Structure formats: C-alpha cells, structure tokens
Amino acid sequence: MIEFDNTTFIYDNKPLMQHFSCCIERGEKVVLYGPSGHGKSTLLASIAGFVLPDEGTIRIDGKTLDPTTIQQTRKQMAWLPQEFTLPFDTVEELIDAPFNLRANQAAKPSVGTILEQFERLGLEPELYRKRTIEISGGQRQRIMLMIAALLRKKIVLLDEPTSALDPHAINLVVDYIRELSEATVVMVSHDQRFIEAFDRKIYIGD
Ligand code: ADP
Ligand code: MG
C-alpha cells in the first residue's frame, strides 16, 4: 500500500501538490493525469524516494519513507522515468544489465521469454540484436516497460511510457500492464485508453 499523507513539495519557494493525500492499494492500477508542470513526475519520483516531501509523509506498506528506509524500500520498485539516456550499446546489454544488479532478485529471462514479450508488445525479434542508437523512441519505451515488468517488483512506476507510441501499440501496452496483476502500478498518462482500463485515475492539477 502506498499512502500520501498531507504531502507538499516546495521548489523555489513555490508549493506543489499542497496537502496531497491518497492511498493506493496493493495491486491497484492507477493513472495520474493533468496539466504539465503540476507535479506528476515529482509524485512518482517521491514514491521511489528520489524526492522527499517538504511537508507530510509517504508510507509504503506502513513504513515511512525517509533516508534510512529508502534503499531497502526501493528494492521493491521499478521506476521508469520520463526521460533518461541509455548507457548501453546494444539492446541485449540493456536488457541484461538490471538482472545483474544485486538489488534485483528476478532471474535473468531467457532469450525465448524476451522474444515472447517482444511479440506481446508488437516488437520485431530482430530488435534484440540491434544497437540502442538504432531503435526508435517507441521501441525503446516498450523495451524499458518489458524490463520493468520482468523485474517482478511489487510496485511499478511508469512516467508517460507510451508518449511515442501509435494507437495499436498503446492497446498492446494497456493489456500488457493489466496482466501485471500482482503489481501495484502507478503511471502518468494522458491517454484515454489507460484512464478507462485502469482501476482509478487521479487528477493532479489545480
Ligand atoms: P509534471 O510531471 O506534472 O509535468 P513535474 O513534477 O515534472 O510536473 O514538475 C512540477 C513543477 O516542479 C514544475 O514547475 C517544475 O519546473 C518543478 N520542478 C520539478 N523538479 C524540480 C527540481 N528538481 N528543481 C526545481 N523545480 C523543479
Ligand atoms: Mg512529468
């Protein structure tokens, strides 16, 4: 369970999401939506403990997130930020790398498993042998989503993971995420398909 209890974030003396409270149940699939610049990405980053609220508290399974608990709590999460650079030369290395980290206990998926996931996400099998500079933004988004899913974390945080996708690919992603039945998924998206298909939408704005 993820609980926001009266949280406020302050950047440059300006409060953001003032006195925000909400409770996300285990296994729930939640969409955060609303105008840009109102704190959606901040909210996701705060669940992963990369931003601490200036007021109020965030609790994960009853445990308050603070600098002493963040490292441990974060191990239960996969966080896919809105923007990032890929520090790997090939798609194969990109997919392999997180499974070599000690914090991630999921077994490294076989090539067969990866290609099965590719198919579910509408990705060509040839992509697996490509260099990361050769793949499109939409392919990259789906590969990153697949990695987040295969890590089998309890909490999956997705920041606009389909912004570069066409409607057909978005439908595949909707089904893909819904099938992560055990995971709590908190996702930023403006796409109506997610808003309809998920358990709950939360508006972040004025
Ligand atoms: P959204 O994802 O809803 O577009 P963000 O959470 O990215 O919103 O940002 C909300 C506001 O907080 C924006 O005005 C942004 O400029 C500001 N902000 C976000 N991160 C920082 C930061 N690290 N330092 C200063 N201001 C920030
Ligand atoms: Mg954002």
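In each ligand, atom 1 is the first atom listed, and ligand 1 is the first ligand listed. These numbers come from a predicted model, not from an experiment.
Contacts of Asp159 with ligand 1, taken as heavy-atom pairs under 4.0 Å, are absent altogether.
For the residue pair Gln141 and Ser163, a side-chain donor N or O sits within less than 3.5 Å of a side-chain acceptor on the partner. A donor-acceptor pair shorter than 3.5 Å cannot be found between the side chains of Asp66 and Thr64. Between the side chains of Lys153 and Asn104, at least one donor N or O lies within less than 3.5 Å of an accepting N or O. When only modelled atom types and interatomic distance are considered, Ser41 and Gln82 share a side-chain donor-acceptor pair under 3.5 Å.
Ring pair Phe50/Trp79 is parallel by interplanar angle, where below 30° counts as parallel and above 60° as perpendicular.
The single protein non-hydrogen atom nearest to atom 7 (O) of ligand 1 is Ser41 CB, 3.6 Å, given as residue, atom name and distance. With hydrogens left out, the protein atom closest to atom 22 (C) of ligand 1 is Tyr11 CE2, 3.4 Å, a heavy atom. If you check which protein heavy atom lies closest to atom 8 (O) of ligand 1, you get Gly39 N, 3.1 Å.
Where the criterion is an N or O separation shorter than 3.5 Å, residue side chain and backbone included, Thr42 meets it with respect to ligand 1.
No donor-acceptor pair under 3.5 Å is formed between the side chain of Lys130 and the backbone N or O of Val91. Side-chain N or O atoms of Lys40 include none that pairs as donor or acceptor with a backbone N or O of His38 at under 3.5 Å. Between the Thr132 side chain and the Phe88 main chain, a donor and an acceptor come within less than 3.5 Å of each other.
Nearest residue to atom 1 (P) of ligand 1 from Gly205, Ala45, Gly37 is Gly37 (criterion: closest heavy atom).
Glu25 places a side-chain heavy atom less than 4.5 Å from the side chain of Met1.
Atom 15 (C) of ligand 1 is not flagged as protein-proximal [any protein heavy atom, distance under 4.0 Å].
Each of the atoms 4 (O) of ligand 1 lies under 4.0 Å from some heavy atom of Ser36. Atom numbering of ligand 1 starts at 1 in the shown order; those under 4.0 Å from a heavy atom of Lys40 are 1 (P), 2 (O), 3 (O), 4 (O), 6 (O), 8 (O).
Both the sub-6.0 Å distance and the 45° axial angle are not jointly satisfied by Arg193 relative to the ring of Phe198.
Protein contacts to the Mg ion (ligand 2) involving N, O or S atoms at a distance below 2.8 Å are Ser41 OG, Gln82 OE1.
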